[in-house]
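First up is the structure itself, then whatever we jot down about it.
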There are 2 protein chains.
Amino acid sequence: MDGIREKLQKAFARTGLRRTPQRHDVLAWLVRHKRHATAEEIYEAVNRSNQRLSRATVYNALHALVESGLVRPVAVEGAASRFDSTLDRHHHFICDRCGDIEDLAWFDLPGKAMQAAAGGRAVRDVEITLHGTCERCARGKTKHTPNPSKTRGEQKAC
Amino acid sequence: MDGIREKLQKAFARTGLRRTPQRHDVLAWLVRHKRHATAEEIYEAVNRSNQRLSRATVYNALHALVESGLVRPVAVEGAASRFDSTLDRHHHFICDRCGDIEDLAWFDLPGKAMQAAAGGRAVRDVEITLHGTCERCARGKTKHTPNPSKTRGEQKAC
DNA sequence: TCCAATTTTAGATTTAGTCTAAGAATGTGG
DNA sequence: CCACATTCTTAGACTAAATCTAAAATTGGA
């Protein structure tokens with residue numbers, strides 16, 4: 001119905017990454033829920049619906065998926081890394097106040113300027129992250145609690 | 001001789017951040033050594049030359065400095081955050097293989113595209129990180145060990 | 001089918017970073 | 001110059017993130 005099965009099948013085939021049930025589940029969850037989840041959240045969510053997989057397996061699967069480009073890590077200062085399916089390209093916006101991560105429409109970098117700055121280096125990927133205040137926080141809605149799990153660190157109550 | 005004292009004095013004055021000896025030492029070290037150091041490295045380095053400051057103080061100082069914009073955190077997936085003086089603008093390049101972080105010359109984002117993508121959000125800062133293979137790793141020099149401290153995580157021997 | 005390589009697993013371990021409560025330093029108004 | 005409130009630092013305990021280990025399970029191919 002959902003086509004996800006086929007989509008993932010293709011993705012695995014394309015990258016040559018061995019498709020284990022565990023990797024499949026992790027990727028499927030990430031594709032379905034476009035949240036920027038931590039490894040811990042994925043661990044809990046996937047285990048809630050399916051068979052159990054261990055924490056180490058979640059990390060292994062995530063790393064394998066990152067390695068082959070199907071998943072992208074979003075590192076956050078002072079907090080657990082979050083993960084993101086790359087099946088559609090996009091950039092990120094991180095709110096200074098509440099720490100929420102939002103997707104932005106993709107746009108290109110000026111190729112020339114980038115090449116010049118990169119010099120002789122081989123560039124595989126470009127990561128653009130905007131920082132600022134999200135609309136909810138700007139409006140002063142204090143209820144906005146984007147990371148229902150342990151929101152460790154900086155974020156001021158918001 | 002070095003003008004750093006005055007430069008920092010100005011920086012503190014400009015941002016209104018209280019200049020404590022500890023914050024000064026942390027910032028001074030970051031300005032002098034343009035490495036992208038972890039909190040732990042800073043802790044060790046600063047204590048090597050000067051009086052002792054506690055780990056908590058290093059974190060406190062770093063957060064205060066980040067808050068007031070004098071220092072920028074560089075989050076890295078699966079590893080300790082690194083820190084960077086912002087006294088000159090630049091972008092980053094992170095090597096997939098060895099994990100090294102290099103500075104790139106500053107270049108601007110196409111303002112229109114960015115505004116369009118950001119929508120109504122208030123953008124404070126733009127962070128551009130290129131990922132790929134650094135020149136040393138490309139040349140296959142296996143000696144390249146950029147993070148002499150605990151290089152935890154992904155990096156293949158390189 | 002059998003073997004070698006890969007993957008998963010549970011649990012222990014390491015490391016990053018925060019928290020707490022108490023004490024020190026600082027700045028301000030009188 | 002003093003008193004008081006505020007801010008900052010500190011050590012160490014604590015929490016959480018992520019890795020590591022060694023053993024068991026699964027897989028793909030000859």
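Just so we're clear, the structure is a prediction, and the values are computed from it rather than from any experiment. Here is the naming used below: chain letters follow the sequence lines, and residue numbers restart at 1 for every chain.
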Which whole-number value in Å describes the distance from I42(B) CD1 to dG17(C) P? 11 Å
Rounded distance (Å) that lies between atom C1' of dT8(C) and atom OH of Y43(A): 13 Å
Can you see if the side chain of R23(B) gets near the phosphate of dC8(D) - specifically, an N or O under 4.0 Å from OP1 or OP2? yes
Could you state the CZ-P distance from R18(A) to dA25(D), rounded to the nearest angstrom? 17 Å
Any side-chain N or O of Q22(A) below 4.0 angstrom from OP1/OP2 of dT9(C)? yes
Provide, to the nearest angstrom, the distance between the CZ atom belonging to R19(B) and the C1' atom belonging to dG27(C). 15 Å
Are R82(A) and E41(A) within salt-bridge range, i.e. N to O under 4.0 Å? yes
Distance, rounded to the nearest Å, where Y59(B) contributes OH and dG17(C) contributes P: 4 Å
What integer distance in Å separates L53(A):CG from dT8(C):P? 9 Å
Any donor-acceptor pair under 3.5 Å from R23(B) side chain to T20(B) backbone: no
Are Y43(A) and T38(A) side-chain neighbours, meaning at least one heavy-atom pair lies under 4.5 Å? no
Separation of atom CZ in R55(B) from atom C1' in dA13(D), rounded to whole Å: 13 Å
Could you work out which one of dG17(C), dA10(C), dA18(D) sits closest to the side chain of S81(B)? dG17(C)
Carboxylate-amine/guanidinium proximity below 4.0 Å for E40(A) and R55(A): yes
